[in-house]
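One-based numbering, in listed order, for ligands and for the atoms of each.
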Amino acid sequence: MKIIGLTGGIGSGKSTVLKYFENLGIPCYRADDRAKHLLHTSLQAEVKACFGAHFYSDGILDRKAMAALVFKDAEALKKLNALVHPAVALDFKNFVDAHSQAPFIIKEVAILFETGGHVSCDQVILVCAPKEDRIERVLKRDGGSRSDVLARMSHQWEDEQKIPLADFVVNNPNSCDLSPQLKQIYIKLKEFSRTED
Ligand code: ADP
């Protein structure tokens, strides 16, 4: 079974691309969503012990407060990552085991190249879009200010840095019809998944 990474900057269209493949019946893993889920379930007690129970209210993590803490405190970020990363890795392993009969699965990770996670993928799909299109989409989707979006983008590499590392590049400017590009990638992934592991 092959593991296909799917990455791209915020607002590039990763979730949109993932949904396309999910509709084709391919098992799809959303690493960021799973991390959020784990923070509300198995990791909750550890996070409370490490950072204080006040970060949760009625079992819901105050993500803004946590983000503010780790943004200004590198040690706190290290501690949080030390809790979240192994938990997501185990969760992903369980997902892979549960889908071991599938020819390939897709793992969506926003910062894949930035963290070196691409080395454990067999191939990587990168979704690109012009920065202004991405900012406009995120403002529409999440609200907030332009500077909030830019701050989130500042943790991610520019497309130019990622393109040489990707096996497939999906170009997704505004109002683009993705299906011709994604059909081609699907055909190639099916071929690739038949090669030896
Ligand atoms: P990501 O997961 O990379 O942050 P999404 O797939 O959630 O990006 O896309 C961000 C927003 O932009 C969503 O609301 C989505 O519906 C919209 N969107 C995606 N692709 C396009 C496109 N080609 N033209 C216009 N809007 C788009």
Side-chain angles (χ1 to χ4, degrees), residues 3-40 61 63-64 66-68 70-71 80-81 84-85 88-89 91-92 95 104-118 120-189:
I3 295 171
I4 311 300
L6 172 66
T7 191
I10 179 172
S12 59
K14 288 181 300 299
S15 307
T16 310
V17 169
L18 198 70
K19 239 173 254 155
Y20 176 95
F21 287 116
E22 202 162 44
N23 288 338
L24 293 174
I26 297 159
C28 290
Y29 184 86
R30 293 170 172 81
D32 296 348
D33 287 359
R34 290 302 297 170
K36 268 177 227 164
H37 171 76
L38 294 170
L39 283 166
H40 287 96
L61 176 67
R63 292 179 54 227
K64 268 200 176 152
M66 182 58 78
V70 298
F71 193 68
L80 182 65
N81 283 340
V84 173
H85 288 173
V88 173
D91 187 63
F92 180 63
F95 180 86
F104 64 95
I105 58 125
I106 302 184
K107 181 186 192 185
E108 179 196 354
V109 188
I111 48 170
L112 183 68
F113 293 124
E114 292 87 335
T115 56
H118 61 295
S120 34
C121 296
D122 294 294
Q123 291 206 313
V124 175
I125 305 168
L126 169 68
V127 189
C128 294
K131 205 163 187 173
E132 280 308 318
D133 291 2
R134 292 168 48 207
I135 294 170
E136 186 189 301
R137 291 173 194 170
V138 176
L139 287 174
K140 207 160 142 190
R141 185 190 64 190
D142 301 345
S145 68
R146 189 182 165 89
S147 61
D148 289 340
V149 182
L150 289 173
R152 289 163 76 185
M153 282 181 166
S154 69
H155 298 285
Q156 306 184 334
W157 288 0
E158 297 290 332
D159 285 347
E160 291 66 33
Q161 208 173 342
K162 295 185 272 193
I163 288 169
L165 298 170
D167 298 283
F168 303 99
V169 177
V170 176
N171 285 304
N172 183 32
N174 273 349
S175 310
C176 160
D177 173 14
L178 284 170
S179 39
Q181 296 181 72
L182 300 183
K183 257 184 213 158
Q184 282 306 311
I185 292 174
Y186 180 54
I187 291 168
K188 288 188 178 152
L189 287 177

| query | What residues come within 4.0 Å of ligand 1, counting heavy atoms only? | reply | Gly9, Ile10, Gly11, Ser12, Gly13, Lys14, Ser15, Thr16, Arg137, Arg141, Asn172, Pro173, Asn174, Ser175, Cys176
| Pairs meeting criterion ring pair (Phe, Tyr, Trp, His ring centres under 6.0 Å) with involvement of residues 123-148, two or more places apart | none
| said: Once you measure the plane-to-plane angle for Phe21 and Tyr186, does it fall in the parallel (<30°), tilted (30-60°) or perpendicular (>60°) bin? | reply: tilted
| query | Do Glu132 and Arg146 sit within salt-bridge range, that is, some charged N less than 4.0 Å from a carboxylate O? | reply | yes
| request: Would you please name every residue forming a salt bridge (charged side-chain N to carboxylate O under 4.0 Å, His left out) with Glu160, sequence neighbours left out? | output: none
| query | What distance do Ile185 atom CD1 and Ile125 atom CD1 have between them, rounded to the nearest 0.5 Å? | reply | 5.0 Å
| request: With sequence neighbours excluded, tell me which residues meet salt bridge (charged side-chain N to carboxylate O under 4.0 Å, His left out) with Lys131. | output: Glu158
